[in-house]
Engineer: 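I'd like to ask you about the structure that follows.
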Amino acid sequence: MTKQNKSALSEKDGVSISEITSKHSIEKLKAKRKASIGTDTLIASILKRDITALSRAITLVESKNPKHLKKANAIINGCLPHANKSIRIGITGVPGVGKSTFIETFGKYLTSLGKRVAVLAIDPSSSLTKGSILGDKTRMEILVKDENAFIRPSASGDSLGGVARKTREAITLCEAAGFDVIIIETVGVGQSETTVHSMVDFFLLLKLAGAGDELQGIKRGIIEMADAIAINKADGSNEQAAKLAKVEFTRALHFYPTKDSGWQPKVTACSGIENKGIDTIWKIILEYKETTNSNNYFNAKRNEQNKYWLIQTIEEQLKSEFFNQPNVKAELKKQLELIETNKTTPFAAADYLLNL
Ligand code: GDP
């Protein structure tokens, strides 16, 4: 048998190998071009502020299908040069503090100023259980209808880290689509505020007045992260208590060390329902931007955040690749059983699995 006869291609009657291979590569090229046209068109549409394209891209970014990862990355890369020109605001507070009401009023105020506002959510509960504290779609019904607003309910995922990475990428896509104010909402549960803090420029904590000892109920860490504290629901019979709480918080904040940003966190009172004090909060944010721009903190912080997200992404990806390997899956089960019967130690088991 000659070398040529070994090839399955040469057995086809009347068609030369080169003809078939070239046909094959043309098909491949066509498929490749089709895929890249899809990506390029999507990027172009996002840049033209097409909301449907933006939603599709976020869905791709959120997809767990490995086939979508490449496309999602290509879209992110295409959008990156057009991103970064926004102010990113994190908003946190316990369930019921009035976050969605506040964001709706605040969002409407911003669009009335000609801003384009995107609202994304990080909901730790959606990654741990299937339930969601934040993500029901009936929230912010008025803002949803505003053509200068884009609201995306929280991404779902297996881990807070995974959900956060998707949100981080969604920020890039929203910025490329011309949104100049990005609001990231979260609840004060678990590590979610820390996660949100690591992707925003300005961090706003919503609080309620009058709920007993003002300073007892909040984790010290959150106060330290806050660039502003807004005592919400400062309306009706609550107004007086809110004013008092404002004084108390202002006094308490003086005991905290000065921030690297050189910014002294502000305390204010507001009412999402009655649209009171909302403009003051925007003024505080603009003042923050001015201060941190002039001392270069604004960009330095974004750079630090980018480095942080690089390491986070690598960790996430390595972890997911490791745990998804079929032999690791099988062996992990066995090692867990061995641990249960005291036949190995966690360290020996980990060493064994990592060396597979
Ligand atoms: P979230 O869970 O933090 O998103 O809070 P919501 O925005 O869903 O509000 C929780 C409850 O507080 C709802 O019944 C709202 O009507 C009420 N609420 C929200 N904002 C205000 C406010 O500014 N003043 C008053 N009095 N009630 C408010």
Side-chain angles (χ1 to χ4, degrees), residues 89-112 117-146 149-156 163 167 181-193 195-197 200 202-212 214 217-219 222-223 225-226 228-246 249 266-285:
I89 304 165
I91 296 183
T92 192
V94 293
V97 72
K99 288 179 298 300
S100 49
T101 311
F102 173 85
I103 292 172
E104 175 140 275
T105 309
F106 186 53
K108 284 302 285 181
Y109 171 71
L110 293 173
T111 57
S112 80
V117 182
V119 182
L120 307 169
I122 289 192
D123 186 348
S125 59
S126 74
S127 53
L128 300 174
T129 63
K130 291 287 170 224
S132 165
I133 304 178
L134 288 173
D136 61 292
K137 282 170 193 154
T138 51
R139 303 160 84 241
M140 305 177 208
E141 279 165 350
I142 304 169
L143 194 60
V144 161
K145 291 179 199 137
D146 192 321
F150 174 76
I151 299 175
R152 180 83 180 187
S154 141
S156 64
V163 172
T167 308
V181 182
I182 317 280
I183 294 174
I184 318 286
E185 177 191 11
T186 194
V187 276
V189 171
Q191 287 298 305
S192 65
E193 322 88 86
T195 308
V196 170
H197 186 249
V200 298
F202 187 93
F203 199 61
L204 173 68
L205 170 65
L206 293 186
K207 280 294 299 166
L208 291 178
E214 256 74 39
I218 346 155
K219 287 181 260 174
I222 302 187
I223 300 266
M225 283 189 275
I229 296 173
I231 318 292
N232 196 24
K233 304 196 187 180
D235 47 47
S237 56
N238 238 338
E239 210 167 342
Q240 222 24 53
K243 273 185 189 156
L244 226 79
K246 184 181 155 182
F249 270 109
K266 302 279 184 291
V267 185
T268 186
C270 66
S271 164
I273 276 191
E274 295 193 357
N275 194 354
K276 281 186 193 158
I278 302 295
D279 51 346
T280 308
I281 291 173
W282 180 236
K283 264 187 216 133
I284 291 173
I285 293 170

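Indexing begins at 1, ligand by ligand and atom by atom, following the structure's order.
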Engineer: Side chain of N232, backbone of L206: donor and acceptor closer than 3.5 Å?
Structural biologist: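 No: the side chain of N232 does not pair with the backbone of L206.
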Engineer: Just distances here: any N/O of G96 and N/O of ligand 1 closer than 3.5 Å?
Structural biologist: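 Checking ligand 1 against G96, an N or O pair does fall under 3.5 Å apart.
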Engineer: N/O to N/O below 3.5 Å, does that happen between S271 and ligand 1?
Structural biologist: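 N/O-N/O distance under 3.5 Å: yes.
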Engineer: For G272, counting its heavy atoms only, list the atoms of ligand 1 lying under 4.0 Å from any of them.
Structural biologist: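 Near G272, meaning under 4.0 Å from one of its heavy atoms, ligand 1 has 23 (O).
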Engineer: For ligand 1, which atoms, with element, lie under 4.0 Å from some heavy atom of V94?
Structural biologist: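 Taking each heavy atom of V94 in turn, ligand 1 has 3 (O) under 4.0 Å.
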Engineer: Please work out, at 4.0 Å between heavy atoms, whether the side chain, the backbone, both, or neither of N238 comes within that distance of ligand 1.
Structural biologist: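 The answer is neither.
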Engineer: Check whether any side-chain heavy atom of F106 sits under 4.5 Å from a side-chain heavy atom of L204, and report yes or no.
Structural biologist: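 Counting from C-beta outward, F106 and L204 never come under 4.5 Å.
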Engineer: With a 4.5 Å heavy-atom cut-off, do I89 and W282 have their side chains touching?
Structural biologist: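 Yes, at least one pair of side-chain atoms sits under 4.5 Å.
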Engineer: Considering distance alone, does some N or O of P95 sit under 3.5 Å from an N or O of ligand 1?
Structural biologist: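 Among all N and O atoms of P95, none is under 3.5 Å from an N or O of ligand 1.
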Engineer: Under the rule for side chain to side chain donor-acceptor pair (under 3.5 Å), what residues qualify as partners of D146, not counting sequence neighbours?
Structural biologist: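 Applying side chain to side chain donor-acceptor pair (under 3.5 Å) to D146 gives K108, T111.
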Engineer: Between K266 and A230, is there a donor-acceptor pair closer than 3.5 Å when you use the side chain of the first and the backbone of the second?
Structural biologist: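 No: the side chain of K266 does not pair with the backbone of A230.
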Engineer: Examine the proximity of ligand 1 to D235 and report which part, side chain or backbone, both or neither, has a heavy atom under 4.0 Å away.
Structural biologist: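 The side chain, only.
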Engineer: Give the atoms of ligand 1, by number and element, whose distance to some non-hydrogen atom of T101 is under 4.0 Å.
Structural biologist: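 Matching atoms, with element in brackets: 6 (P), 7 (O), 9 (O), 19 (C), 20 (N).
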Engineer: Output every pair passing salt bridge (Lys or Arg N to Asp or Glu O under 4.0 Å) with a member in residues 271-281, not counting sequence neighbours, ordered by first then second residue.
Structural biologist: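 Of all non-adjacent pairs touching residues 271-281, those that pass salt bridge (Lys or Arg N to Asp or Glu O under 4.0 Å) are E239-K276, E274-K276.
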Engineer: Decide whether the shortest distance between a heavy atom of G93 and an atom of ligand 1 is less than 4.0 Å.
Structural biologist: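 In this structure, G93 fails to qualify as a contact of ligand 1 - no heavy atom is under 4.0 Å.
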Engineer: For atom 28 (C) of ligand 1, state which one of I278, I273, L206, T92 supplies the nearest heavy atom.
Structural biologist: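 The residue whose heavy atom sits nearest atom 28 (C) of ligand 1 is I273.
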Engineer: Would you say E104's side chain and L143's backbone share a donor-acceptor pair under 3.5 angstrom?
Structural biologist: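 Yes.
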Engineer: Between K99 and G93 (side chain of the first, backbone of the second, donor and acceptor by atom type, cut-off under 3.5 Å), is there such a pair?
Structural biologist: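 Pair found, side chain donor or acceptor close to backbone of G93.
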Engineer: Examine K99 against ligand 1 and note whether any of their N/O atoms are separated by less than 3.5 Å.
Structural biologist: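 Between K99 and ligand 1 (N or O atoms, distance only) the closest approach is under 3.5 Å.
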